[in-house]
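Below, chain A is the first sequence line, B the second, and so on; all start at residue 1.
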Amino acid sequence: MLQLSTLRENTQQVIEKLAKKNFKNEAAIHEVIALDTARRTTQNEQEIILAQNNALAKQVGDLMKAGNKDEANALKETTLANKETSKQLGDKLADIELQIQNILYTIPNIPADAVPVGHTPEDNEIVRTAGAIPTLHAGAVPHWDLCKKYDLIDFELGVKITGAGFPVYKGKGAKLQRALINFFLDEATAQGYAEIQPPIFVNEASAYGTGNLPDKEGQMYHMQIDNLYCIPTAEVPVTNIYRDVILKESELPIKNTAYTPCFRREAGSYGKDVRGLNRLHQFDKVEIVQIAHPTNSYELHQQMVTYVESLLNKLELPYRVLKLCGGDMSFTSALTYDMEVFSAAQERWLEVSSISNFETFQANRLKCRYKDGEGKVQLVHTLNGSALALPRIVASLLENHQTENGIRIPQALVKYTGFEYIN
RNA sequence: GGAGAAGUGGCAGAGUGGUCGAACGCGGCGGUCUUGAAAACCGUUGUACUGUAAGGUACCGGGGGUUCGAAUCCCUCCUUCUCCGCCA
C-alpha cells in the first residue's frame with residue numbers, strides 16, 4: 001500500500017512511474033487525494049465538536065457538584081445535540097476512510113528506476129546467464145519419466161489421496177527433498193539468516209498484512225471453519241512477525257529464513273505448465289526475508305541475488321538472472337529479479353526464485369517501522385526471496401544430472417543425501 | 001470440550017464514573033559528579049491523525065452499548081492463566 005503522502009506530494013511523478021507497471025487508472029489517484037482532503041475536513045469538523053463536548057462535560061460535572069442542576073441540564077441538551085452531529089460525522093469519516101483504503105489497495109507499488117519497460121515476460125532483461133547447459137545422452141527423458149523410472153515421486157498416488165498437484169515423494173525422492181531443505185537452511189544460516197519455523201496457517205490480519213488479501217483471495221486455500229488461510233509462502237507468517245512493530249534502528253537489517261510447505265490453488269493454470277513438478281498445489285520452499293533500513297535495501301537486495309546464485313552454482317545447475325519488466329512484476333514489488341534454471345530434457349527455463357524489494361509498500365500496510373536517530377518513526381523496507389523452491393530444482397536436477405547409469409547427485413548435496421547416485 | 005480468574009505504557013504494577021494518556025518502581029535516553037566506570041542525584045521517556053505553531057482529537061486486548069462524562073458499568077468476541085476432561 002502506497003502512502004497517501006507520497007501520492008499527494010508527488011502526484012504527477014507517481015502517475016508517470018506507474019505507467020511502467022501498466023497502471024493507467026489516473027482517476028483513482030486523483031480520487032484518493034480528493035477523498036483524503038475530505039477526510040481531513042470531516043475529521044476537523046468532528047474534532048471541534050468533540051473538544052467542545054469534552055469541555056462541556058467538565059462544566060456539567062462542576063455544576064452538579066455545586067448543586068446547580070438547572071444549568072447542568074441546559075448544558076446537557078447542547079451536549080446531546082453535539083453528540084448526534086459527531087456521530088454523523090464519524091460515520092461519514094469511516095465511510096471516507098474505507099473508500100480511501102479500497103482505492104489504495106488497487107494501486108500497485110511504484111517500480112524502481114532500474115525496472116525495464118515492458119509488458120510480457122519476453123520484455124524481461126536477462127542480466128546474466130551462468131553454468132553450462134549439459135548435453136544429455138540419447139534417450140534422456142523429462143523428470144516425470146525419471147520419477148516413475150526410479151520410483152521417486154508418485155503423482156497418481158497423490159491424486160488418490162488428495163488430488164492433482166499433491167505428489168507423494170518416495171524413497172530416494174523423499175530423501176532428496178529432506179536433503180535439499182537441510183542444505184538450503186544450513187546455507188542460509190551460514191549467511192546470517194536466523195532460522196524460523198512459523199505456523200503454516202495464518203489469520204486474516206496476516207493475509208492482509210503481506211497483501212495476499214484482498215488481491216489474491218482465490219489463490220489461497222481457506223479454512224472457513226476457523227477463518228484461516230494456508231500460506232502460499234513462508235513470506236506471509238515470517239514477515240507478519242514484524243507487523244505493528246517499531247524496531248530499533250540498530251536491529252536492522254533483520255534476516256530470517258524459514259522452511260515451510262506452501263499451498264497454492266493455482267486456479268487458471270493448465271497444460272505443460274502443470275506437468276510433473278512444474279506447478280503444484282503443495283510444495284516445499286525455503287524462504288529468505290530481510291527487514292531493512294531504507295538506505296541500504298538495494299545493496300541487500302543484490303546480496304540476496306548473489307546468495308541464491310551461489311546455491312545454484314553448488315547444485316551445478318545452469319541458470320539465468322532476469323530483471324523483471326514493469327508488466328511482469330508483482331503488484332507489491334518495486335524491483336524483482338527472477339532466477340531461472342534450465343531444465344535440459346524439457347528444454348525450457350523454469351523459475352525457481354523471485355527476489356524482490358518491496359521498499360515501504362509492504363511495511364506501510366504491515367505498520368513495520370523503526371525509530372531513527374532523531375526519534376522519528378520511519379517505515380522499513382522489506383525484501384524476500386525464495387532460496388529455493390524445491391519442485392523445479394528437483395525437476396532440473398533430475399533432468400540435467402541424468403546419465404545412462406542413473407542420476408548423479410551434486411557433490412555439495414551428497415553429505416545431505418548420503419548417496420551419490422539415484423539408480 | 002466443561003468450570004473459574006484475568007487482560008492497563010518496553011517490563012512490572014496502581015487506578016472501580018469526572019481533575020487519568022494514566023501513580024510508584026524497573027528499564028531506556030540526556031545531564032551532574034568521576035581519570036574512566038559503577039553508585040548517587042536531576043531531567044526526560046507511547047502511538048496515530050490534525051495544525052505553520054500553540055494546541056486539538058483518538059487509543060488502557062478487539063468491537064458495540066449505557067452516561068453530560070468510561071481504563072472504571074453492561075454486552076460480545078479474542079487471548080492468557082488455573083482446575084477437570086480428551087489427546088500426539
Between CG of A/L50 and P of B/G69 the distance, given in whole Å, is 11 Å
Contact class for A/K371 vs. all strands (heavy atom < 4.0 Å): base, sugar-phosphate, or nothing?
sugar-phosphate
Would you indicate which nucleotide in B/G69, B/U57, B/C49 comes nearest to any side-chain atom of A/Q43?
B/C49
Counter-base of B/G27, judged by Watson-Crick or G-U geometry with both distances under 3.5 Å
B/U45
Nearest to side-chain heavy atoms of A/R39, which nucleotide of B/U50, B/C68, B/G56
B/U50
Who pairs with B/G21 - Watson-Crick or G-U, where each distance is under 3.5 Å
none
A/E251, CD atom: more than 12 neighbouring heavy atoms under 6.0 Å
yes
What is the pairing partner of B/A6, taking Watson-Crick or G-U wobble pairs with both distances under 3.5 Å in any strand?
B/U79
Could you tell me how far apart A/I100 (CD1) and B/C49 (P) are, to the nearest whole angstrom?
13 Å
If you measure from the P atom in B/C20 to the same atom in B/A6, how many Å do you get, rounded?
26 Å
Using whole Å, report how far CG of A/N53 lies from P of B/A58.
10 Å
Just to be sure I understand the rule, does A/L80 reach a base, reach only the sugar-phosphate, or reach nothing, if contact means heavy atoms closer than 4.0 Å?
sugar-phosphate
Residues A/D151 and A/K172 bridged, charged N to O under 4.0 Å
no
For A/N82 and B/C68, is the shortest distance between a side-chain N/O and OP1 or OP2 below 4.0 Å?
no
Under 4.0 Å between any heavy atoms, over every strand shown, what does A/L75 touch: base, sugar-phosphate, or nothing? Just pick one.
nothing
To the nearest angstrom, the CD1-P distance between A/I48 and B/G56 comes to 13 Å
Can you tell me, in whole Å, how much space there is between the P of B/U8 and that of B/A23?
16 Å
Check whether A/Q402 reaches the backbone of A/E399 with its side chain - one donor and one acceptor, N or O, closer than 3.5 Å.
yes
Is a donor from one side chain sitting under 3.5 angstrom from an acceptor on the other, for A/N296 and A/E299?
no
Looking at A/R40 and A/D36, is any side-chain nitrogen of the basic one under 4.0 Å from a carboxylate oxygen of the acidic one?
yes
Give the rounded distance in Å between these two atoms: CG of A/N227 and C1' of B/C77.
13 Å
Applying a 3.5 Å limit to both distances, which nucleotide forms a Watson-Crick or G-U wobble pair with B/U66?
none
Does B/G10 have its OP1 or OP2 closer than 4.0 Å to a side-chain nitrogen or oxygen of A/K248?
no
Distance in angstrom units between A/N54 CG and B/G18 P, rounded
15 Å
Would you kindly compare A/R369 and A/K83 by the position of their nearest RNA chain B nucleotide and give the one closer to the 5′ end?
A/R369
Whom does B/A88 pair with, Watson-Crick or G-U wobble, provided both distances fall under 3.5 Å?
none
Could you measure between the two C1' atoms, the one in B/U16 and the one in B/C29, and give it in whole Å?
35 Å
If I pick the P atom on B/C26 and the same atom on B/U79, what distance separates them, to the nearest angstrom?
36 Å
In whole Å, measure the gap between the C1' atoms of B/G51 and B/G69 for me.
26 Å
Nearest-nucleotide comparison on RNA chain B, the residue closer to the 5′ end among A/A55 and A/R40
A/R40
Checking base pairs now: Watson-Crick or wobble, both atom distances under 3.5 Å. What partners B/C60?
none
Searching all strands shown, indicate the nucleotide that pairs with B/U32 (Watson-Crick or G-U wobble; both distances under 3.5 Å).
B/A40
P atoms of B/U19 and B/U72, separation to the nearest Å:
13 Å
Using 30° and 60° as the class limits, which term best fits the ring planes of A/Y221 and A/H281: parallel, tilted or perpendicular?
perpendicular
From CA spacing to verdict: side-chain contact (heavy atoms from CB on, under 4.5 Å), A/N256, A/Y242:
CA-CA 11 Å; A/N256 285 146; A/Y242 307 99; 2.5 Å; yes
B/U82 and B/U76: how far apart are their C1' atoms, nearest whole angstrom?
24 Å
Expressed as a whole number of Å, how far does the P atom of B/A71 sit from that of B/G61?
10 Å
A/L93 atom CG is separated from B/U50 atom C1', nearest whole Å, by 11 Å
Whole-Å gap separating C1' (B/G46) and NZ (A/K367):
15 Å
